[in-house]
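Below: one structure, written as structure tokens.
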Amino acid sequence: QVVLVESGGGLVQPGGSLRLSCAVSGRSFSTYAMGWFRQAPGKEREFVAAINRVGTKTHYADSVKGRFTISRDNAQNTAYLQLNSLKSEDTAIYYCAADFTPEFFAVTTGGNEYDYWGQGTQVTVSS
């Protein structure tokens, strides 16, 4: 049983920052490529960021590039998403996801490629 638990969401003013965490248990964390997705009210889930198994390659959606940073700590079984320069349009539920893959260096951007998902954490950007 693999369990992903997100934390770190909350209410922040425009221009502010948050750091989301995704703790993974149940299997060796380093066997997963990790990703973050988000879903705003009335909208479809969208890709935000991804990182490979060893943390050497990342990929971002154009809408967050330069503002968000994905990282991971394999010793702590945790993935992170640093959100800076937040905008109202970043308001959404943020989900982390794990892709069990033999590929050390590939990033996974398609939602249907992920095997496990967390329950989500709400991020609200408002003044």
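The first residue of the sequence shown is numbered 1, and numbering continues consecutively from there. Since we're looking at a predicted model, the values are computed, not measured.
Residue pairs meeting the ring-ring contact (aromatic ring centres under 6.0 Å, His included) criterion with at least one partner in residues 60-97, sequence neighbours excluded, do not occur; the list is empty. The side-chain hydrogen bond (donor to acceptor under 3.5 Å, both in side chains) analysis of residues 46-59, with sequence neighbours excluded, yields the pairs Arg38-Glu46, Asn52-Thr56. Legend: side-chain hydrogen bond (donor to acceptor under 3.5 Å, both in side chains) pairs involving residues 65-75, not counting sequence neighbours, sorted by first then second residue: Asp62-Lys65, Arg67-Asp90, Arg72-Asn74. Among pairs with a residue in residues 54-93, none fulfils disulfide bond (SG atoms under 2.5 Å apart), at least two apart in sequence or across chains. Note on residues 43-74: no pairs pass disulfide bond (SG atoms under 2.5 Å apart), not counting sequence neighbours. Within the structure, salt bridge (Lys or Arg N to Asp or Glu O under 4.0 Å) contacts touching residues 16-36 (residues at least two apart or in different chains) do not occur. Within the structure, the disulfide bond (SG atoms under 2.5 Å apart) test picks out no pair touching residues 41-92 (sequence neighbours left out). The side-chain hydrogen bond (donor to acceptor under 3.5 Å, both in side chains) pairs that include a residue from residues 109-118 number zero, where partners must be two or more places apart or lie in different chains. Residues in residues 70-127 take part in these disulfide bond (SG atoms under 2.5 Å apart) pairs, two or more places apart or across chains: Cys22-Cys96.
In this structure the side chain of Val24 never reaches within 4.5 angstrom of the side chain of Thr78, judged on heavy atoms.
Under a cut-off of 6.0 angstrom, the local environment of CD in Glu44 is sparse, with at most 12 non-hydrogen atoms contributed by other residues, nucleotides or ligands.
Note that OG of Ser17 is 6.0 Å distant from CG of Leu86, once rounded to the nearest 0.5 Å. Ser127 OG to Leu11 CG: the interatomic distance, rounded to the nearest 0.5 Å, is 9.5 Å. Taking OG1 of Thr31 as the start and CG of Asp99 as the end, the distance is 9.5 Å to the nearest 0.5 Å. A distance of 11.5 Å separates CD1 in Ile51 from OG1 in Thr108, rounded to the nearest 0.5 Å. Atom CZ of Arg45 is separated from atom CD1 of Ile93 by 12.5 Å, given to the nearest 0.5 angstrom.
In this structure Ala40 satisfies the side-chain contact (heavy atoms from CB on, under 4.5 Å) test together with Lys43, Ala92, sequence neighbours excluded. For Gln122, the side-chain hydrogen bond (donor to acceptor under 3.5 Å, both in side chains) partners two or more places apart in sequence, or in a different chain, are Thr124. Residues passing the ring pair (Phe, Tyr, Trp, His ring centres under 6.0 Å) test with Phe100 are Tyr32, sequence neighbours excluded.
Following chains of ILVMFWY side-chain contacts shorter than 4.5 Å, one can reach Met34 starting from Val123, so the two form part of one hydrophobic cluster. No single ILVMFWY cluster, assembled from side-chain heavy atoms under 4.5 Å apart, contains both Val107 and Val64.
Contact record, Leu81 with Ala49: CD1-CB, 4.1 Å, taken as the closest heavy-atom pair. Contact detail for Ala33 and Ala106: the closest heavy-atom pair is CB-O, 4.1 Å. Here the closest non-hydrogen pair linking Leu20 and Gly9 is CD2-N, 3.6 Å. Closest heavy-atom contact between Leu18 and Gln82: O-NE2, 3.5 Å.
Between the Thr121 side chain and the Glu6 main chain, no donor and acceptor come within less than 3.5 Å of each other.
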